[in-house]
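For the numbers below, each heavy atom of this structure counts, side chains included, while hydrogens, waters and symmetry mates do not. Just so you know, ligand 1 is whichever comes first in the structure, and atom 1 is the first atom listed for that ligand. One is the number of the first residue; the rest follow in order along the sequence.
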Amino acid sequence: MKKTIDVQAAVALAAGEAIAARAQGSFGVGGVLLDQYGNVLKTLQNNVVKGGLVFDPTAHGERQLIDWYFAERAKGRMLPAPHDVTLVTSLDPCAMCGGAILAAGFNVVIAANDPKAGINHDETATFGALPQDLRQAAAASFCYPAVLGSSAYAREGSGAAPKSFFIGKTIAEPTLALCSLLIEATTEKVQAFLHSDAAQGELQDPATLAPSHPLLRKLKSLYPHALAYRGAPHAPDVGLAPFLLAAMEQDRRQGGDGDCAALLDGFGNLLLCVPGRRAQSAICTAFMECTRQYAQLRYQLIAGAGADAGMRDTVRRYLAHPKEGTFVFARGPGACAESFMDLGAYGSTMEGPLPANNPHQFQYVLPRVEESQLHALCEAMPPLYRDTIRIRPVQVGDDALIAALA
Ligand SMILES: [Zn+2]
């Protein structure tokens with residue numbers, strides 16, 4: 001088959017998706033997936049916010065396109081191998097999407113820069129934000145095409161060369177400006193919206209609700225052992241071990257390496273404990289599943305059939321933003337692409353600084369790497385993660401819990 005598309009045309013399609021995302025009240029970002037001839041496989045917009053509610057903090061265009069690809073393949077559709085697929089995105093991938101692209105093995109063409117959260121935030125295409133072992137892979141697969149012109153949006157090409165199927169290999173200045181303005185016009189508004197959760201003083205303990213309450217019924221239909229464990233706030237202990245061990249076993253059965261992620265609320269209640277689905281998709285890690293399931297639980301309770309203003313208020317108070325609780329990973333992050341994606345997805349879940357009384361929101365039981373190495377990885381991340389959210393995973397304090405999983 002012949003060459004079928006210009007870089008400019010593909011970026012314009014991604015920009016169209018970004019416009020749709022903005023109209024929906026979400027981050028103004030979009031993307032396109034192309035096969036090895038430049039044919040469009042799929043286009044998608046950012047879906048973090050939908051219908052005036054947080055739908056899914058991981059629903060960035062790139063992440064959704066990658067999961068779409070693996071879901072289609074799982075259904076039996078013939079699609080090119082990942083290294084023959086090119087993702088075109090209106091904005092430099094964040095840490096989550098950058099890790100996901102590397103884990104999946106796709107090529108990527110990038111329009112606008114993102115100095116806060118972009119994997120190429122310093123615009124050097126050296127990828128110092130990534131763990132050392134991933135930088136070469138990024139340099140070989142992340143393409144920043146030249147933008148011709150004389151305004152601030154003009155640039156030289158950098159990173160990987162555009163694939164040979166592209167006829168024109170540059171981006172027009174006004175299209176690049178549009179991609180850039182769409183994220184600038186939406187970031188503050190969406191972030192403010194993401195921080196409109198209930199204050200700590202308003203939060204209430206879901207364990208005090210009647211077992212027949214719709215909120216608890218929905219929570220337990222998602223995770224039957226919800227509220228079956230309760231520890232001291234922000235201090236998980238050995239009582240959590242059976243739930244983690246069961247999910248770790250399930251993770252292995254579903255193609256993972258025995259990881260899982262639990263979410264405890266600010267009262268110490270176990271809400272979810274989730275394995276990954278790596279056999280389904282290279283990027284369905286336990287944490288990605290966990291944060292998504294919790295966000296969608298809240299979304300469905302508020303937006304679902306029969307929900308009213310009373311339910312909205314109940315969800316706000318009894319199922320707080322995860323930043324008030326504790327994520328417990330069975331296995332801590334390492335230096336691989338999937339771990340980097342998880343760190344990024346954690347950042348996208350928090351979106352802003354942690355509450356002052358909860359600096360250890362992110363805990364793990366078994367380390368993959370030394371804590372000092374993990375902290376060095378976090379320190380190298382783009383400014384949003386390093387300076388604003390200050391991601392700082394720590395090992396759980398209870399030795400008995402560590403021994404139970406070791
Ligand atoms: Zn992203």
Trainee: Keeping to distances under 2.8 Å, can you name the protein N/O/S atoms close to the Zn ion (ligand 1)?
Mentor: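 Result, waters dropped: His60 ND1, Cys94 SG, Cys97 SG.
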Trainee: Compile the donor-acceptor pairs under 3.5 Å between side chains in residues 281-288 and protein atoms, sequence neighbours left out, one pair per line.
Mentor:
unit_1: Ser281; atom_1: OG; unit_2: Asp67; atom_2: OD1; d: 2.7
unit_1: Ser281; atom_1: OG; unit_2: Ile283; atom_2: N; d: 3.2
unit_1: Thr285; atom_1: OG1; unit_2: Met288; atom_2: N; d: 3.4
unit_1: Thr285; atom_1: OG1; unit_2: Asp342; atom_2: OD1; d: 2.6

Trainee: Checking Phe142 now: which residues fulfil ring-ring contact (aromatic ring centres under 6.0 Å, His included) with it, not counting sequence neighbours?
Mentor: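 With sequence neighbours excluded, Phe142 shows a ring-ring contact (aromatic ring centres under 6.0 Å, His included) to Phe127, given in chain and number order.
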Trainee: Is it true that Glu371 and Arg392 make a salt bridge, defined as a side-chain N closer than 4.0 Å to a carboxylate O?
Mentor: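 Between Arg392 and Glu371 there is no salt bridge, as every charged N stays at least 4.0 Å from the carboxylate O atoms.
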Trainee: Salt bridge between Arg331 and Asp257, side-chain N to carboxylate O under 4.0 Å?
Mentor: yes
Trainee: Using a 3.5 Å distance criterion without hydrogens, assess whether the side chain of Tyr153 forms a donor-acceptor pair with backbone atoms of Thr175.
Mentor: no
Trainee: Please report, to 0.1 Å, the donor-acceptor pairs under 3.5 Å made by any side chain of residues 108-121, with sequence neighbours excluded.
Mentor:
unit_1: Asn113; atom_1: ND2; unit_2: Glu123; atom_2: OE1; d: 3.3
unit_1: Asp114; atom_1: OD1; unit_2: Lys116; atom_2: N; d: 3.0
unit_1: Asp114; atom_1: OD1; unit_2: Ala117; atom_2: N; d: 3.2
unit_1: Asn120; atom_1: OD1; unit_2: Thr124; atom_2: N; d: 3.3
unit_1: Asn120; atom_1: OD1; unit_2: Ala125; atom_2: N; d: 2.8

